[in-house]
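First the structure, in the form of structure tokens, and then the observations on it.
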Protein chains: 2
Amino acid sequence: MPRRSTDTREEIRAVAMELFARNGYAQTSLRQIAERLDITKAALYYHFPSKEDLLAELAQPMVDDLEEFLGRARDLGPDDAPAVLERYLALCHRNRSVLQGMLRDPAALARLDVLTALLYRRLDVDRALVGSDRPADRVRAIIAFGGLQDCVILMGDEPLERYGDAALAAALRALQPG
Amino acid sequence: MPRRSTDTREEIRAVAMELFARNGYAQTSLRQIAERLDITKAALYYHFPSKEDLLAELAQPMVDDLEEFLGRARDLGPDDAPAVLERYLALCHRNRSVLQGMLRDPAALARLDVLTALLYRRLDVDRALVGSDRPADRVRAIIAFGGLQDCVILMGDEPLERYGDAALAAALRALQPG
DNA sequence: GTCTATAGGATGATAGAC
DNA sequence: GTCTATCATCCTATAGAC
């Protein structure tokens, strides 16, 4: 019999996102996803050609988001730090599910060539903000950007208003030369 | 024939540590480990009763280290921040292989109950340092501690002297109330 | 201490009926 | 769109020979 819902495809996306984010890509089997939706694995393959395609589709919004962020962020200096940090925090919060999945299983997302390439390009932004490649300078950017990322991940679905300003202020302090 | 090395057990530990750190626990099979050492999977089972036991043994030094860190860190206030951050950075650096493995596959290490319990207790240290549980205060500790952790992970085997002081200074600035 | 051989199960993916 | 049935491949782990 046909299923009660008209939008199975959307349900698959939602369940997969939740399980990938919670348990990691490799640790999540298609059987688990199918069971949660009360359909068979074979049904999944009607909607998505492969497990990796499913992942790629879930990660696409963040890819686009990063793409735009990096496009804007070229050719900027230390003066732009507050605005850049704020945009990065917002980006992380919008894409927090993908981010949690990445934390749970970076190896999986690393195989998505697009995303890997983008994350490498974030290092260019680091350099632009601290104006150097030396480890002693890079750490300031790592703590600022990485710290914001960690906040989003650890705060879960807490509203951004509840901690965003404090996090930005702390990240900005970390970024300032000592 | 007996193998060229007398200390296969130690070699297994080393190879496993490297592969777990690089590819994650679940993504690393015993076959991969065995092939690298040119022995069979069965030989691994002579030295370690199970894959999980192997993991537990590798994580033990960090468990002990964290145990001691948390023991010392109870009942301290914001004044102790510089010393606590420094000890935390050193701890992360000593155990950077385990830390990288944890990043690659937190789900695996989460099954080691000991380690999970300890990581939860780090939240107590957070509270002690910022003196509050409110999200707007917690983020300062998250950025400071998390940022230091991120530095160690991203710097790989770079000597600590090359970036440690700068990282500590930045983390300390992030921790100060706003 | 290390081997061969294999049990027993899960996984991603496909073919073809309805 | 969803199913049953099945495939090839991988996994952890064990038994027993040498």
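Each chain gets a letter, A, B and so on, in the order its sequence line appears, and its residues count up from 1. Here the structure is a predicted model, which is why all the values come from computation and not from measurement.
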**Which nucleotide in C/dT4, C/dA15, D/dT12 has an atom nearest any side-chain atom of B/A42** = C/dT4

**Asked** Can a salt bridge be assigned to the pair A/R94 and A/D65 using a cut-off of 4.0 Å between side-chain N and carboxylate O?
**Response** yes

**Asked** Quick one: which of C/dT4, C/dT11, C/dT14 gets closest to the side chain of A/R31?
**Response** C/dT11

**Request:** Grab the OH-C1' distance between A/Y45 and D/dC7 for me, whole Å please.
**Result:** 13 Å

**Message:** Could you tell me how far apart A/E52 (CD) and C/dT11 (P) are, to the nearest whole angstrom?
**Reply:** 18 Å

**Message:** Can you work out whether A/K51 or B/H47 has the more 5'-proximal nearest nucleotide on DNA chain C?
**Reply:** B/H47

**Prompt:** When the distance from CG of A/L37 to P of D/dC3 is rounded to whole Å, what number comes out?
**Reply:** 11 Å

**Asked** Any donor and acceptor pair, going by atom type alone, linking the side chain of B/Q100 with main-chain N or O of B/I153 inside 3.5 Å?
**Response** yes

**Request:** Would you kindly give the CG-to-P distance between A/L19 and C/dT11, to the nearest whole Å?
**Result:** 12 Å

**Request:** Using only side-chain N and O atoms of A/S29, determine if any of them is under 4.0 Å from OP1 or OP2 of C/dA10.
**Result:** no

**Asked** Would A/K51 count as a cation-pi partner of A/Y45, with NZ or CZ less than 6.0 Å from the six-membered ring centre and within 45° of the ring normal?
**Response** no

**Fill in**
B/E35 atom CD is separated from D/dC10 atom P, nearest whole Å, by 11 Å

**Asked** Between D/dT2, C/dG12, D/dA13, which nucleotide gets closest to the side-chain atoms of A/K41?
**Response** C/dG12

**Prompt:** Starting at CG of B/L44 and ending at P of D/dC11, how long is that distance when rounded to a whole Å?
**Reply:** 12 Å

**Item:** N/O (side chain, A/T40) to phosphate O (OP1/OP2, D/dT4) under 4.0 Å
**Value:** no

**Asked** B/F48 CZ to D/dT14 P: how many Å, rounded?
**Response** 15 Å

**Prompt:** Please give, in whole Å, the distance from D/dG1 C1' to A/E11 CD?
**Reply:** 13 Å

**Prompt:** Any salt bridge between A/E68 and A/R87, counting N to O under 4.0 Å?
**Reply:** no

**Asked** So, is B/Y46 close to the C/dT2 phosphate, meaning a side-chain N or O under 4.0 Å from OP1 or OP2?
**Response** no

**Message:** Take a 6.0 Å sphere around CG of A/D165 and say whether it holds more than 12 heavy atoms from other residues, nucleotides or ligands.
**Reply:** no

